[in-house]
Protein chains: 2
Amino acid sequence: MKRTRLNRLPCPIARSMDIIGEWWSLLILRECFSGTTRFDDFQKNLGVSKNTLTARLAKLVKRGVLKRVPVEPGAKRRHYKLTEMGKELYVVFVALRQWGDKWTFDGKMPPHAVVERSNGRAVAPVEVRSTDGRVLKPRDTWLVAL
Amino acid sequence: MKRTRLNRLPCPIARSMDIIGEWWSLLILRECFSGTTRFDDFQKNLGVSKNTLTARLAKLVKRGVLKRVPVEPGAKRRHYKLTEMGKELYVVFVALRQWGDKWTFDGKMPPHAVVERSNGRAVAPVEVRSTDGRVLKPRDTWLVAL
DNA sequence: CCGTATCCATTCCGATACTG
DNA sequence: CAGTATCGGAATGGATACGG
């Protein structure tokens, strides 16, 4: 395929895609946020082949999004957990999920909602804001190199 | 490859990935947010082959993220613009860019910042919040079907 | 339970040449 | 400028069988 290498481009979008943009990577991470940690559970829940799962998990570990940790301190068995880097993808997930819920369902599929555990209320739509809290639209912002 | 079809899964992440998860799609959309509208500009700015670009643009149009509109009312030439659906990916982009800036640079590459056009100030980190404004972490929320 | 090894069909993508 | 046509090498990913 000689796919253009994205991870050396000076663009964070490209570099992020290189880490989490493959077909199964984001679904694996979705499972992680749902509490899945074991190889077999990933495989059963996602229906992905073992081959692919092995490769994706390895890459996510290599890039620092997941880590393999002993199931119990000192135990030999290990499972997969989100690193801090991985946990910080949370907002990306929620934003993507909200977008997908709004735009990719045709009424035949059940929509979902991200709700607070403590009170069951749906979270607010994720938005871009200024530091003093104003909601910003695409035209209100632009990009600068530091 | 017989890649598993993601767009029928009842998961908005999977469905979103089916639309914007391909290698070049997100980069194309990044260009759109920067104001690029013409085929040649996409090609030059991204360094993608015409073939691939044609395919990705067609898919993005088909899925409703981009639209082809006359350059001027009544003109024959058309270019590519974000639809409302596309524009609402903005927050996903900013979140992904912030994540990428924070975690994928090793110091050798220049980081970027999304800033307000009016005053040059960096936007706040995108976060998940309750409707009354509290910042929520992964453990504070879960997912329910409606 | 957690993977590896091998195989193979599918598909991706860049290069090149060509068209209105 | 904005693509289409064709080609071929590379990578993907599922199936199956095997291993610690």
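In what follows, every chain begins at residue 1, and chains take the letters A, B, ... in the order their sequences are listed. Heavy atoms only: backbone and side chains are in, while hydrogens, waters and symmetry mates are out.
No side-chain donor-acceptor contact under 3.5 Å links B:Arg68 to the backbone of B:Tyr80. Looking at B:Glu72, its side chain never comes within 3.5 Å of a backbone N or O of B:Arg77 through a donor-acceptor pair. A donor-acceptor pair is defined here as one N or O able to donate and one able to accept, closer than 3.5 Å; such a pair exists between the side chain of A:Asp140 and the backbone of A:Lys137.
Rounded to whole Å, the distance from CE on A:Met17 to C1' on C:dC12 is 15 Å. A:Lys50 has its NZ atom 19 Å from the P atom of C:dC7, to the nearest Å. Regarding B:Asp18, its CG atom lies at a distance of 15 Å from the C1' atom of C:dT11, rounded to whole Å. Distance NZ (B:Lys59) to C1' (C:dC13): 15 Å, rounded to an integer number of Å. If you take NZ of B:Lys76 and C1' of D:dA2, they are 13 Å apart, rounded to a whole angstrom. The separation between A:Gln43 atom CD and C:dT4 atom P is 13 Å, rounded to whole Å. The nearest whole Å value for the distance from the CG atom in A:Asp41 to the P atom in C:dC2 is 8 Å. Between the CD atom of B:Glu22 and the P atom of C:dC12 there is a distance of 7 Å, given to the nearest Å.
Scanning residues 51-58 of chain A for heavy-atom distances under 4.0 Å to DNA chain C yields A:Asn51, A:Thr54.
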Practice problem: Test side chain to side chain contact (heavy atoms under 4.5 Å, CB included) on A:Ile20 and B:Leu96 and set out the steps. | Solution: CA-CA 10 Å; A:Ile20 60 167; B:Leu96 196 57; 3.8 Å; yes
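OP1 or OP2 of C:dC1 has not a single side-chain nitrogen or oxygen of A:Arg77 nearer than 4.0 Å. Put simply, A:Arg38 has a side-chain N or O that comes within less than 4.0 Å of OP1 or OP2 on C:dC2.
When all heavy atoms are compared, the tightest approach of B:Gly64 to B:Thr83 is O-OG1, 2.6 Å.
Within the nucleic acid shown, A:Tyr80 comes within 4.0 Å of sugar-phosphate atoms alone, with no base atom in reach, counting heavy atoms only.
Contact check on A:Asp40 versus A:Lys44 returns a salt bridge, with a Lys/Arg side-chain nitrogen under 4.0 Å from an Asp/Glu carboxylate oxygen.
Between the CG atom of A:Asp41 and the SG atom of A:Cys32 there is a distance of 11.0 Å, given to the nearest 0.5 Å.
Nearest to the side-chain atoms of B:Asp40 among the listed nucleotides C:dC2, D:dG14, D:dA2 stands D:dA2.
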